[in-house]
Asker: 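Handing you this structure, nothing more for now.
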Amino acid sequence: MPETVSLDAAYPAWARDLAQKYRTKTVAQFILHGNVHDLVRLEGDDGRVDYVPLKAFLNDELFARRERRLFYDRGGGITFLDAESMKDFNRAVSGYDTLLGTEYAKALPRDPVRVLSLLDNYLRLRLAERKRIALVIEYAETLIPVGDIGSAGAEDRNALVILKRWAHDPVFLRGDLTICLVTENLAELNTSVVRSPYTEEVFLPPPTEADRLAYLRWGTANRPFAERSDFTVETLAQATAGLSIVHMRAILAETLEGSGIRLTAERLSNRKKELIEAEAYGLLEFVEPSYNLDMVAGHAEAKKRLKGAAEALRQGRSDVLPMGYLINGPVGTGKTFMVTCFAGEIGVPMVQLKNFRSQWQGVTEGNLEKILYLLRAIYPVAVMIDEADAVLGDRNASGDSGVSSRVFGKIAAFMGDSTNRGRILWFLLTARPDLMPVDLKRQGRAEEHLALFYPQTDAERAELFRTMKRKTKLNMESDEIPAALIHGDDPSDTTGEPAPVSTIHTTVADERHTFSGADIEAALVRAKFRAAVDGRTAVRIDDLNAVFEDFIPPTYPLEVELQTLVAVLECTSRELLPPRYRSLGREALVRRIEELRMLIGSAHAT
């Protein structure tokens, strides 16, 4: 058997995996993906440790025994990290020029078609001489991007054909040759190469806590780290989940070599957010709450459950947590605000998933792969997806060459991975849960369905008013409640037979006359404006009464009724339902929902 890559126990697990797969001599082409732009730990025979880029690790360590080591990327062309490989390649190019009349010895080509043809000739020539060779193609997605081969350019098609031929060429498989295609996102590579039985995938994972601790001990050895940090290396390794070794190097440099600003918890938190958001290309945004759940008015049962989940997170009881929550209810009921306040309760970060879809082929799936990779890296983490019915799509979507259905399938599979229970907690927010596919709402994904409704009682409306006073920093001369918020008609019917459809319509119609939290907040801002125009800093009760008497909140009666009823139907706990909805019959609910859909559809059509 020819000499192959080493199985040195000091190597990262992915490198040992690559070596083991190569030794089977059934595959010569590998796809390295994941954390490919990070530093790799390199430990020499003398015990000295260094952290080097992947390219240097492959050249100086993993493929160090190869007689010829070549690197290529579309921008930089063919490069070498050792002089002997460069000399040998230049000799071969001179012979190539003589035979074919080219002038590559004067300036090596960079475009994939000419480069791959030149490399094909060189590899076959040296393999015939029993040379041991390693070829690393970086940024492989620029050579063989994902997409329909029929619509690809001639250059992309030729590159794809050559790489596919190399993967199963008997000459390459018999010889001592390793070809590594390097890409960050596997989804950006042409699927015919990724799924080829002649190509093996090797995933480079993000650094674990043990990896980060090893780097910190190495990077702070004999340096004044303890004098300039509120962290020990052990606590810093725990607090930097989701950061790469490159990120860690930047933080150490800022602390030990830069301005000397002390590394505090606040500074680390801010830097971590900056680094991860930049790494995510703006696809993830950290939620920075100003309040906790005590700031949420009403929704007592929903708050109770979320407070319980927050306590379980603090205690590390991941086994008792649901995989995720579906937060639904009519517009203005505070869904986003409640989840943001939940972020203020927990000891783990919360991120919001931004729009990752793109009009460019392959970019959407590449963005999603990046997001899921980072979520694995930074757990435990809570993920908020607002307008989830629009963002997440559907398995049956069509018209985009299957991108939406593939994206949906990947999200659904990731959300349903039971190994992520307690590590990644999902919050799907929507006013229209009926538009979301069952795949995401079922048990094992968004397991708890919490429905939020407009305030039901005078006490809840008063509580909501006081909460909005604090939120808007309203300076008021008294503690009076505006007359418009006191109805005196609180519902109390909690028993009885299922209500008929006429009762359903009346129940929701009554509720539409109340003010939502968003309505009250808008009215309070108007009252502050009224006082400011009058030259006052304090708002009087007559200001509030006048504003509420004048205020006409936007009304969409059919839409609000539909959103309310689908929230009732979707809710997974009777305790979460206001008393007026607990006796509504499901059959009548479904009939009324269908009527509303038809009415709204007809209204939009006209």
Side-chain angles (χ1 to χ4, degrees), residues 28-33 36-37 53-56 58-59 63 66-129 131-147 149-169 171-172 175-184 188-190 192-194 196 198-199 361-362:
Q29 188 164 282
F30 298 86
I31 302 175
L32 277 56
H33 65 104
V36 297
H37 300 309
L54 175 63
K55 186 174 182 177
L58 295 175
N59 184 80
F63 299 136
R66 300 300 177 91
E67 295 162 313
R68 304 293 180 258
R69 302 184 294 279
L70 302 84
F71 297 85
Y72 169 65
D73 70 75
R74 191 165 189 160
I78 302 172
T79 56
F80 310 88
L81 295 187
D82 70 290
E84 187 56 40
S85 292
M86 182 171 64
K87 290 178 183 178
D88 183 70
F89 188 78
N90 287 337
R91 286 194 298 268
V93 170
S94 296
Y96 189 93
D97 285 346
T98 301
L99 287 173
L100 300 179
T102 56
E103 296 183 345
Y104 291 160
K106 294 181 179 180
L108 290 176
R110 294 189 179 187
D111 61 284
V113 174
R114 291 190 297 168
V115 166
L116 294 180
S117 296
L118 185 59
L119 287 173
D120 185 81
N121 178 273
Y122 176 77
L123 294 175
R124 294 180 188 281
L125 181 66
R126 293 300 181 252
L127 287 175
E129 299 172 357
K131 297 297 184 182
R132 294 166 294 175
I133 309 172
L135 170 62
V136 179
I137 300 177
E138 302 177 279
Y139 303 100
E141 71 279 3
T142 63
L143 271 69
I144 48 171
V146 67
I149 190 62
S151 60
E155 191 174 82
D156 289 345
R157 289 199 300 270
N158 289 340
L160 179 62
V161 169
I162 292 173
L163 289 176
K164 290 177 70 174
R165 187 178 70 234
W166 283 0
H168 60 80
D169 193 304
V171 174
F172 287 13
D176 200 344
L177 169 67
T178 304
I179 301 171
C180 293
L181 309 179
V182 181
T183 183
E184 185 177 15
E188 295 179 359
L189 278 187
N190 189 280
S192 65
V193 172
V194 174
S196 170
Y198 303 104
T199 302
Q361 193 170 41

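One-based numbering along the sequence shown.
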Asker: Determine whether more than 12 heavy atoms belonging to other residues, nucleotides or ligands lie under 6.0 Å from atom OH of Tyr139.
Answerer: no
Asker: Are any non-hydrogen side-chain atoms of Leu118 and Leu108 less than 4.5 angstrom apart?
Answerer: yes
Asker: What residues form a side-chain hydrogen bond (donor to acceptor under 3.5 Å, both in side chains) with Thr142, not counting sequence neighbours?
Answerer: none
Asker: Once rounded to the nearest 0.5 Å, what's the spacing between atom CD1 of Ile137 and atom CZ of Arg74?
Answerer: 12.0 Å
Asker: Looking only at heavy atoms, what is the nearest atom pair of Ala159 and Ile144, with distance?
Answerer: C-CG2, 4.1 Å
Asker: Taking only residues two or more places apart in sequence, or in another chain, which ones meet Pro53 in a side-chain contact (heavy atoms from CB on, under 4.5 Å)?
Answerer: Leu39, Ala56
Asker: Hey, mind stepping through Asp120 and Arg165 against salt bridge (charged side-chain N to carboxylate O under 4.0 Å, His left out) and telling me if it holds?
Answerer: CA-CA 10 Å; Asp120 185 81; Arg165 187 178 70 234; 3.6 Å; yes
Asker: Roughly how far apart are Leu163 CG and Leu116 CG, rounded to 0.5 Å?
Answerer: 5.5 Å
Asker: With side chain to side chain contact (heavy atoms under 4.5 Å, CB included) as the test, pick out the partner of Ile78 among Leu135, Val115, Asp73, Val93.
Answerer: Val115
Asker: Listed by chain and number, what are the side-chain contact (heavy atoms from CB on, under 4.5 Å) partners of Ala140, not counting sequence neighbours?
Answerer: Leu181, Leu189
Asker: With Glu138, which residues qualify under salt bridge (charged side-chain N to carboxylate O under 4.0 Å, His left out), at least two apart?
Answerer: Lys55
Asker: Would you give the length of the straight line joining atom CD of Glu67 to atom CG of Asp82, rounded to the nearest 0.5 angstrom?
Answerer: 11.0 Å
Asker: Please enumerate all residues that pass side-chain contact (heavy atoms from CB on, under 4.5 Å) together with Asn121, with sequence neighbours excluded.
Answerer: Tyr96
Asker: Give, for atom CG of Leu58 and atom CZ of Phe63, the distance between the pair rounded to the nearest 0.5 Å.
Answerer: 5.5 Å
Asker: Quick one: list whatever passes side-chain contact (heavy atoms from CB on, under 4.5 Å) with Asn90, sequence neighbours left out.
Answerer: Met86
Asker: What pairs with Ser117 under side-chain hydrogen bond (donor to acceptor under 3.5 Å, both in side chains), at least two apart in sequence or on another chain?
Answerer: none
Asker: Going by side-chain hydrogen bond (donor to acceptor under 3.5 Å, both in side chains), name the residues that satisfy it together with Glu129, two or more places apart in sequence or in a different chain.
Answerer: Arg126
Asker: If you compare all heavy atoms of Ala167 against all heavy atoms of Tyr198, which two are closest, and at what distance to 0.1 Å?
Answerer: O-CB, 3.5 Å
Asker: Measuring only between side-chain heavy atoms, which start at C-beta, is Lys164 closer than 4.5 Å to Val193?
Answerer: yes
Asker: If the condition is salt bridge (charged side-chain N to carboxylate O under 4.0 Å, His left out), which residues does Asp111 pass it with, not counting sequence neighbours?
Answerer: Arg114
Asker: Not counting sequence neighbours, which residues clear salt bridge (charged side-chain N to carboxylate O under 4.0 Å, His left out) with Asp169? List them please.
Answerer: Arg124
Asker: Could you walk me through whether Thr183 and Val36 pass the side-chain contact (heavy atoms from CB on, under 4.5 Å) check?
Answerer: CA-CA 7 Å; Thr183 183; Val36 297; over 6 Å; no
Asker: Without swapping roles, check the side chain of Asp97 against the backbone of Ala105 for a donor-acceptor pair under 3.5 Å.
Answerer: yes
Asker: With sequence neighbours left out, which residue pairs that include part of residues 67-86 fulfil the ring-ring contact (aromatic ring centres under 6.0 Å, His included) condition?
Answerer: Phe80-Phe89
Asker: Only one of Asn59, Asp176, Leu177, Ile133 passes side chain to side chain contact (heavy atoms under 4.5 Å, CB included) with Arg66; say which it is.
Answerer: Asp176
Asker: For Leu127 and Gly175, which heavy atoms make the closest approach, and how far apart are they?
Answerer: CD2-CA, 4.1 Å
Asker: Run the side-chain hydrogen bond (donor to acceptor under 3.5 Å, both in side chains) test against Arg110 and tell me which residues pass, sequence neighbours left out.
Answerer: none
